[in-house]
J.: 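One structure follows; several queries about it will come next.
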There are 2 protein chains.
Amino acid sequence: MTERKPRKDAVRNRSAVLAAADTLFHDYDSSKGVTMADVAAAAGVGKATIFRAFGDRAGLIRALCEVRLEVTMDAITAGPPPLGPGARPQQRIPAVLDALLCFKLDNRHLALALEEAADLGPYRAENYDRWHDLLQLMLEQIPGMTHSDFTAHALLAVTRADLVDHLAGNERVSPEQMRTQLADFTARVLHPYPL
Amino acid sequence: MTERKPRKDAVRNRSAVLAAADTLFHDYDSSKGVTMADVAAAAGVGKATIFRAFGDRAGLIRALCEVRLEVTMDAITAGPPPLGPGARPQQRIPAVLDALLCFKLDNRHLALALEEAADLGPYRAENYDRWHDLLQLMLEQIPGMTHSDFTAHALLAVTRADLVDHLAGNERVSPEQMRTQLADFTARVLHPYPL
DNA sequence: TTGTAATACGGACCACCGGTCCGTATTGTT
DNA sequence: AACAATACGGACCGGTGGTCCGTATTACAA
């Protein structure tokens, strides 16, 4: 019973910050980093308000990502195959990785910021663990699969935001090409091991 | 003929900085980051001297890595198989990746700093391109291999310093385990594709 | 050896960023 | 209307990579 009614200015400001940050990350695509002061200014709010609402920079970015990932996560946890449960791992794993890749392609700066935010790579984010555990569970259902834990890490490493950004930006790889290449690579990893 | 004789104090200071930084990164293993001021103090030198000699933080770290990687690079470019040239790609690629992994295991903080230094991931470092090109060339010799460019990126992503650090530090994976798991994963990627 | 131009030195200094403080303003409640 | 409780915001802080510039050192020529 320690529930308190939140003040309406607080909620209003919270969503204003969220909206402003989303815009900044999305189309203020500049190579310059988005600073907390930027977000505060764009939201018409003091800096402290952001930190009060989200804890720290990582918290804000995490919150943004959760919004952006909501539909994808729903599709994975409760949607139809091949993304949703029910599909065989050989179909579902590529589908999940493709969804993750698409997210990073569609939200390059945001994903980049997320993976830089947690102080030691993306591996502190509780978000990462969700993906890893999901992948690992599916990998374990594949006959002949070894080291499912490591393999899950490895597959996720291939979709790291900075790699995606490098390929898309510097090497001019189109989204479609990247999705195909990731799918082929994944297939290579998943296909039965002819030992 | 624009060659100038370098001043001896400059050379002395340069190596002093290199030595101090190496020590700091290696056994001052603290979780705290190594700052430029730290290095300057440890080397008994002003900060500007470091920047004059190495350009910026990334330059210093790059120089350090080159020293630390020298033997490995020699073994790869001119040593005996399976690391050196002459080995079949199926043997050499795992060997090269294992060597890279060992480097990151032996120089965790340094490798971590290197990959954080270049402003957008490790992909700006000219160092990365060397590894990528080498891998890609070998991959292209494997029958049935597709997307050798992407595959090279993918294999390198698995040895990212922060992943290695996370596995070794947080998940308590022993170096031997990691090497085995990477080798198995690589084998999976390399084995003939039963299309 | 001495004079001098070139080069390097170093620590004060700067810009920037994430994050905090605290006096003030807004809200919800009685 | 009175009064807690809560939120506000911008000045402020600590720390970092990087620069400036007056001074000291070096290489070289006379």
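Below, chain A is the first sequence line, B the second, and so on; all start at residue 1.
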J.: May I have the distance from A:F54 (atom CZ) to C:dG18 (atom P), rounded to whole angstrom?
T.: 15 Å

J.: Nearest 0.5 Å, what's the CD-CG distance between A:Q90 and A:L139?
T.: 10.0 Å

J.: Is the A:H166 ring parallel, tilted or perpendicular to the B:Y123 ring (thresholds 30°, 60°)?
T.: parallel

J.: Which listed nucleotide (C:dG19, C:dC17, D:dG17) is nearest to the side chain of A:T35?
T.: C:dC17

J.: Using whole Å, report how far NZ of A:K8 lies from C1' of D:dA5.
T.: 16 Å

J.: Taking all heavy atoms of B:G79 and all of B:P85, pick out the closest pair and write down the distance.
T.: O-CD, 3.8 Å

J.: Which pairs, protein N/O on one side and nucleotides 28-30 of chain D N/O on the other, fall under 3.5 Å?
T.:
none

J.: Starting at atom CG of B:D56, determine the distance to atom C1' of D:dT16, rounded to an integer number of angstrom.
T.: 14 Å

J.: So which heavy atom on B:P81 is nearest to which on B:A87, and how close?
T.: CB-CB, 3.7 Å

J.: What integer distance in Å separates B:I61:CD1 from D:dG17:C1'?
T.: 11 Å

J.: What does nucleotides 1-13 of chain C look like as a protein-contact string, B for base, S for sugar-phosphate only, - for none, at under 4.0 angstrom between heavy atoms?
T.: -----BBSBBB--

J.: Ignoring hydrogens, what is the shortest heavy-atom contact between A:R57 and A:V34? Give both atom names and the distance.
T.: NH1-O, 2.8 Å

J.: Name the orientation class of the two ring planes belonging to A:Y128 and A:H153 (parallel below 30°, tilted from 30 to 60°, perpendicular beyond 60°).
T.: parallel

J.: Expressed in angstrom and rounded to an integer, what is the separation of B:I50 atom CD1 from D:dT19 atom P?
T.: 13 Å

J.: Pick from B:L112, B:I61, B:L114: which one makes a side-chain contact (heavy atoms from CB on, under 4.5 Å) with B:F25?
T.: B:I61

J.: Of the candidate nucleotides D:dA27, C:dG18, D:dT19, which contains the atom at the shortest distance from the side chain of A:R57?
T.: C:dG18

J.: Only one of A:R160, A:R124, A:R62 passes salt bridge (charged side-chain N to carboxylate O under 4.0 Å, His left out) with A:E115; say which it is.
T.: A:R160

